[in-house]
**Q** 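Take this structure first; my questions come after.
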Amino acid sequence: MKSKIDITGVSETMLQTLYARAKETKKQNAKIKDDIAVHIVENIDYDFSKADKDSAMSSGVIARTIVLDRMVEQYLNVHTNAVVVNIACGLDTRCYRMKGKYLRWYNLDLPQTMKIREQFLIETGPMYQIAKSAMDDSYIHDIEYHGEDILVIIEGLTMYLDEKVLKMFSIIEKSFKKVTVLVETMSPFVVKHMKEKSIDQSNAKFLWGVKNGNELQKILPEFIFEKEVSLVEGMKELHPIYHLFGWIPLVRNISNKIIVLKNRS
């Protein structure tokens with residue numbers, strides 16, 4: 001019997017991204033492999049028809065997965081015994097794809113979201129679940145931390161926040177000594193002019209964006225901007241045409257980016 005899922009707002013986006021990964025996995029020439037996502041989708045009672053028609057959203061999710069998987073794996077290959085904190089994890093399964101490469105992995109999200117995650121993913125050490133907001137600094141006490149290298153992943157979240165972005169980063173900066181953050185950002189133009197068709201009837205709205213890593217560092221002076229990777233790099237693997245017009249400044253400027261930040265301490 002399938003599990004009935006009743007969720008709205010920003011948290012509902014996790015079902016759209018889950019479906020996109022499952023759908024891609026089932027393709028003959030799939031660019032990612034996420035069998036866990038396929039299994040979860042097959043056991044959820046939820047209307048995915050809008051997500052099925054939202055090809056732009058699906059492509060963006062897969063491009064992001066390609067880019068972030070590569071960046072996370074590169075980090076973990078260099079920083080052995082790192083601790084990973086996955087903020088706004090939803091039904092993300094990257095901790096399984098990276099298994100064996102980290103010391104501990106903490107999946108963090110709102111209580112209502114984690115209640116759904118727990119229905120499908122029962123995780124114990126070295127994977128852990130924390131049912132708290134990223135703006136609740138008490139989540140730090142749920143993390144076993146002894147000064148190890150920390151990798152924080154923030155995927156699919158900042159565009160739904162406002163000034164809470166500053167609070168989230170303040171907690172990260174004050175809590176960890178050696179921290180690298182991989183954060184997905186959206187351009188202000190897209191925030192203002194675009195919306196995801198698959199969730200247009202929910203309360204999830206784009207609220208916040210930043211042009212690039214240099215601009216992000218200006219509002220987060222306690223961090224150093226290291227580099228940024230456009231999701232165009234992932235789109236190139238999905239749609240070869242991006243090898244041609246992916247170099248157009250306008251295309252790269254409005255594409256979501258993964259910005260790499262490090263704390264100054």
**Q** Between the side chains of Thr93 and Asp34, is a donor N or O closer than 3.5 angstrom to an acceptor N or O?
**A** yes
**Q** Suppose we screen for salt bridge (charged side-chain N to carboxylate O under 4.0 Å, His left out). Which residues come up paired with Arg117, at least two apart in sequence or across chains?
**A** Glu123
**Q** I'd like to check the side chain to side chain contact (heavy atoms under 4.5 Å, CB included) partners of Lys115; sequence neighbours left out, ordered by chain and number.
**A** none
**Q** For Asn263 and Phe176, indicate whether the former's side chain and the latter's backbone hold a donor-acceptor pair under 3.5 Å.
**A** yes
**Q** Can you sort out the partners of Glu228 under salt bridge (charged side-chain N to carboxylate O under 4.0 Å, His left out), two or more places apart, ordered by chain and number?
**A** none
**Q** What about the rings of Phe48 and Tyr46, do their centers lie closer together than 6.0 Å?
**A** yes
**Q** Scan side-chain atoms only and decide if Asp92 and Asn107 contain a donor-acceptor pair under the 3.5 Å cut-off.
**A** no
**Q** Under the salt bridge (charged side-chain N to carboxylate O under 4.0 Å, His left out) test, which residues partner Lys218, sequence neighbours left out?
**A** Glu215
**Q** Distance alone, cut at 3.5 Å: any donor-acceptor contact between the side chains of Glu144 and His146?
**A** yes
**Q** Any side-chain donor paired with an acceptor under 3.5 Å for Lys132 and Ser138?
**A** yes
**Q** Using salt bridge (charged side-chain N to carboxylate O under 4.0 Å, His left out) as the criterion, list what pairs up with Asp137, not counting sequence neighbours.
**A** none
**Q** Applying side-chain hydrogen bond (donor to acceptor under 3.5 Å, both in side chains), name anything that partners Arg70, two or more places apart in sequence or on another chain.
**A** Glu237
**Q** Say whether, by atom type as modelled, one donor and one acceptor occur between the side chain of Arg104 and the main chain of Tyr128 under 3.5 angstrom.
**A** no
